[in-house]
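Reading through the structure tokens given below for one structure.
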Protein chains: 2
Amino acid sequence: MYHDVLVRLEDAGVRRVRSQELARECNVRGDRVRADLSRFDRFGIVGHGYDVHVLRINLGRVLRVQTPRKAVLIGTGASAEAFLLGVAGRMVGGRSVEPFDVVAGVVQSLRVRFGVVATEPGWAQETVDALQMVGVVAVLNVSGGGVRCPSGVVVETASPMLSFKRLSFLAPRRGVRVSG
Amino acid sequence: MYHDVLVRLEDAGVRRVRSQELARECNVRGDRVRADLSRFDRFGIVGHGYDVHVLRINLGRVLRVQTPRKAVLIGTGASAEAFLLGVAGRMVGGRSVEPFDVVAGVVQSLRVRFGVVATEPGWAQETVDALQMVGVVAVLNVSGGGVRCPSGVVVETASPMLSFKRLSFLAPRRGVRVSG
DNA sequence: TAGATTGTTAATCGATTAACAATC
DNA sequence: TAGATTGTTAATCGATTAACAATC
């Protein structure tokens, strides 16, 4: 979240940022930003805030987004296309459809560690299990299906349906005030 | 999360479910499920677990997903299409492109409370602000852009880029064991 | 009655908030 | 030196876990 904002700020030519400004962009409080960042190191200059570039680089290192990561995307439908568009910011060319065994072989020999599951919902579990078998350790599940995560694997599920149910519960209701 | 699983179970014809089984599907523990559910009511039968249908209905009521909710989707690109596909489970027909003022008028007069922002990233903030002005109280932001949420509005941002950065940090690294 | 499983209470843990000393 | 802002410590809060009594 902070990293995203820092990238935006740097692109906009901003040099210096205070914890409160960063907080505002992220809908949190200034002390929360400082507490979070200081878990890793002292990135700021007391009395002056943070150097945007320096903080972006350091946070990138912490998140390990500096070094390129090989990832495999399983699925051919609209979710797959939407994911590619969302990550690359543009349409990505060059696809071919291969049997899963072939894909698994490539994943294994190239030591791919990250996976995105964009299959039909009913195939999500099987796909994650298969990816785990060939060495994938982190999976983003955008299939809409549920997944029990095998040991040794981190699974993050992103589903518009789930997000919508959460919103439906969290939406402010007239006359009801919720703390936090 | 629980509601999603219950819908799947009911579709599969399952009548009864124990907290541990529900937990397994959601990658949590049985006592967590019981603690969560009992925040709202006593849905279960001691010694026998939960009736899938009864629990689904009750949880649906809590989440307010039973009553249909009017929502407005702003945006015409692939994110918008992908969202529709993800929610409806199929392609949805019947679109027309209207000036935003017209859309705002319709939102206001139909008292639409939910919004999905699938514009280009740079327009997300402006769109959320405009929706707030015409009475929207909950927004799902799938634009890829950042949004500061105006008061009185709940914003949930879903971004593949963000999810990927999180995974990149959480992914198990050889030799490092993390608690939790 | 015996066995199973919920719902609740108490204990633990971690995350957020508040306050402020350190220091640029 | 004065003002601003970080990083840290202590206090608060809420969420998770553990244990078990209640009861179907």
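In what follows, every chain begins at residue 1, and chains take the letters A, B, ... in the order their sequences are listed. Values below: all heavy atoms of this structure, side chains included; hydrogens, waters and symmetry mates excluded.
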For residues 135-149 of chain A, tabulate all N or O donor-acceptor pairs below 3.5 Å that involve a side-chain atom, not counting sequence neighbours.
unit_1	atom_1	unit_2	atom_2	d
A:Asn141	OD1	A:Ser143	N	3.1
A:Asn141	OD1	A:Ser143	OG	2.7
A:Asn141	ND2	A:Gly145	O	2.9
A:Asn141	ND2	A:Thr157	OG1	3.2
A:Ser143	OG	A:Gly145	N	3.0
A:Arg148	NH1	B:Glu25	OE1	3.4
A:Arg148	NH1	B:Glu25	OE2	3.1

Could you give the distance from CD1 (A:Ile74) to OG1 (A:Thr119), rounded to the nearest 0.5 Å?
8.5 Å
For B:Tyr50 and C:dG7, is the shortest distance between a side-chain N/O and OP1 or OP2 below 4.0 Å?
yes
Can you list, in residue-number order, the parts of residues 51-63 of chain A that come under 4.0 Å of DNA chain D, counting heavy atoms only?
none
Can you give the dot-bracket line for DNA chain C, where a pair is Watson-Crick or G-U wobble with both atom distances under 3.5 Å, crossing pairs use [ ], and | marks a partner on another strand?
..||||||||||||||||||||||
Below the 4.0 Å mark, does C:dT8 have OP1 or OP2 next to a side-chain nitrogen or oxygen of B:Arg42?
yes
Closest heavy-atom contact between B:Ala71 and A:Phe164?
CB-CZ, 3.9 Å
Is it true that the side chains of A:Arg34 and A:Ser19 contain a donor and an acceptor less than 3.5 Å apart?
yes
Salt-bridge test for B:Asp51 and B:Arg15: reply yes if a basic N is under 4.0 Å from a carboxylate O, no otherwise.
no
Pair of N/O donor and acceptor under 3.5 Å linking C:dG7 base with B:Arg34 side chain:
yes
Note: for A:Gly47 and A:Arg39 on DNA chain C, the residue whose nearest nucleotide lies more 5' is A:Arg39
A:Arg8: side chain to side chain donor-acceptor pair (under 3.5 Å) partners, not counting sequence neighbours
none
B:Arg16 bridged to B:Glu21 by N-O distance under 4.0 Å:
no
Short of 4.0 Å, heavy atom to strand atom, which residues of residues 17-32 of chain B count as contacting DNA chain C?
B:Arg18, B:Ser19
Within residues 164-171 of chain A, those residues having any heavy atom closer than 4.0 Å to DNA chain D are none
